[in-house]
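Each remark here refers to the structure printed beneath this line.
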Amino acid sequence: KEKVLMGKNFNWNKWTRKTHYWGSFVVLFPVLIIIVTGIFLQLKKDVEWIQPKTTTGQISNNPSISFEQILNISKTIKEAEINSWDDIDRIDVRPDKGISKIRSNNQWEIQIDNQTKEILSVEYRRSDMIESIHDGSFFTDYVKFGWFFPTAILLIFMSISGIYMFL
């Protein structure tokens, strides 16, 4: 199993064991973060603490609410801290559910009936923050690309070395 590499004896089995051993130590913390947040993301549709349940309004293929009305209604929700379009991250119009979901920049979600213009739900949405922790972007680009990305590459090599050791 030993080969000569650059004038030195090279033991492939020893190298894969060491790589696998030290690699597992290096990736331990990021992998734990990825696993825990991944579990939360798997449950986001089932646990309202993570992501608010989607309500249902009066269903119509032709919503009678305008974007200006959505903005004005959203401004009345103190928690969302919406004063202008700049404070809104996104609007998700769902004609099949009869609602519009407004997500503010501070992660509060408002659900408004598209016909009656009634506020159906105001809840804090944690799923986007959990997702940003999951991919490392919550921290900094340095952590995302300098820690989480190399962890993914190292996991590939560890998988290959693990399969090699198993065989």
- Item | Residue Lys75 excluded, over 12 heavy atoms near NZ under 6.0 Å | yes

- Query: Are any side-chain N or O atoms of Gln111 and backbone N or O atoms of Glu123, one a donor and one an acceptor, separated by less than 3.5 Å?
  - Reply: no

- Message: For a side chain to side chain contact (heavy atoms under 4.5 Å, CB included) check, start with the C-alpha distance between Glu109 and Val122, then their side-chain angles and the critical distance, and finish with the verdict.
- Response: CA-CA 6 Å; Glu109 180 179 279; Val122 177; over 6 Å; no

- Query: Would one find more than 12 heavy atoms of other residues, nucleotides or ligands at under 6.0 Å from atom CD of Glu79?
  - Reply: yes

- Item | side chain to side chain contact (heavy atoms under 4.5 Å, CB included) between Ile59 and Asn114, intermediate numbers included | CA-CA 8 Å; Ile59 298 170; Asn114 289 337; over 6 Å; no

- Message: Rounded to the nearest 0.5 Å, what separates atom CZ in Phe40 from atom OG in Ser127?
- Response: 12.5 Å

- Task: Indicate yes or no: does Arg94 engage Asp92 in a salt bridge with an N to O separation below 4.0 Å.
- Result: yes

- Message: Do Asn106 and Ser104 pair up side chain to side chain, a donor and an acceptor below 3.5 Å, judged on atom types alone?
- Response: yes

- Item | Side chains of Ile102 and Ile82 in contact at under 4.5 Å (non-hydrogen atoms) | yes

- Query: Do Arg125 and Gln107 have a side chain donor and acceptor closer than 3.5 Å?
  - Reply: no

- Query: Closest heavy-atom contact between Ile99 and Gly57?
  - Reply: CG2-N, 3.5 Å

- Going by heavy atoms in the side chains, are Gln51 and Arg126 under 4.5 Å from each other? no

- Query: Ile77 and Val93: same hydrophobic cluster, using ILVMFWY side-chain contacts below 4.5 Å?
  - Reply: yes

- Given Gln58 and Thr116, is the side chain to side chain contact (heavy atoms under 4.5 Å, CB included) satisfied, shown in steps? CA-CA 8 Å; Gln58 290 185 11; Thr116 67; 3.2 Å; yes

- Message: Assigning hydrophobic clusters by single linkage (Ile, Leu, Val, Met, Phe, Trp, Tyr; side-chain heavy-atom cutoff under 4.5 Å), is Met158 placed with Ile34?
- Response: no

- Query: Closest heavy-atom contact between Thr37 and Ile33?
  - Reply: OG1-O, 2.7 Å

Taking only distance into account, with no hydrogens and no angle test, what donor-acceptor pairs under 3.5 Å do side-chain atoms of residues 139-154 form with protein atoms, sequence neighbours excluded?
{"from": "Thr140", "atom 1": "OG1", "to": "Tyr142", "atom 2": "N", "distance (Å)": "3.3"}
{"from": "Thr140", "atom 1": "OG1", "to": "Val143", "atom 2": "N", "distance (Å)": "3.1"}
{"from": "Thr151", "atom 1": "OG1", "to": "Trp147", "atom 2": "O", "distance (Å)": "2.6"}

- Message: Under 3.5 Å, is there a donor on one side chain and an acceptor on the other for Thr54 and Lys101?
- Response: yes

- Query: Would you call Arg103 and Asp128 a salt bridge, taking side-chain N to carboxylate O under 4.0 Å as the test?
  - Reply: yes

- Task: Begin from the C-alpha positions of Ser60 and Asn62 and carry the test side-chain hydrogen bond (donor to acceptor under 3.5 Å, both in side chains) through to its verdict.
- Result: CA-CA 5 Å; Ser60 171; Asn62 189 14; 6.0 Å; no

- Val36 and Ile133: same hydrophobic cluster, using ILVMFWY side-chain contacts below 4.5 Å? no

- For the residue pair Leu71 and Ser84, establish whether any side-chain heavy-atom pair is separated by less than 4.5 Å. no

- If you measure only the distance, is there a donor-acceptor pair under 3.5 Å linking the side chains of Lys117 and Ser64? yes

- Message: So Ile91 and Ile70, do their side chains get closer than 4.5 Å, heavy atoms only?
- Response: yes

- Task: Applying side chain to side chain contact (heavy atoms under 4.5 Å, CB included), run through Thr55 and Lys97 and close with a yes or a no.
- Result: CA-CA 7 Å; Thr55 58; Lys97 298 277 187 181; over 6 Å; no

- Message: For residues Trp85 and Ile110: do they belong to one hydrophobic cluster (side chain heavy atoms under 4.5 Å, members Ile, Leu, Val, Met, Phe, Trp, Tyr)?
- Response: yes

- Would you call Leu41 and Glu131 a side-chain contact if the rule is heavy atoms closer than 4.5 Å? yes

- Query: Does one hydrophobic cluster hold both Val47 and Ile35, with members joined at side-chain heavy-atom distances below 4.5 Å?
  - Reply: yes

- For Tyr124, does the OH atom have more than 12 heavy-atom neighbours from other residues, nucleotides or ligands under 6.0 Å away? yes

- Message: Would the distance check show the side chain of Asp113 and the main-chain N or O of Ile119 forming a donor-acceptor pair, the cut-off being under 3.5 Å?
- Response: no

- Query: What are the two closest non-hydrogen atoms of His134 and Gly38, and how far apart are they?
  - Reply: ND1-N, 3.5 Å

- Taking side chain as C-beta onward, heavy atoms only, is Leu155 less than 4.5 Å from Val31? yes

- Note on the structure: Closest non-hydrogen atoms of Pro63 and Gln115, given as atom of the first, atom of the second and distance, are CA-NE2, 3.4 Å

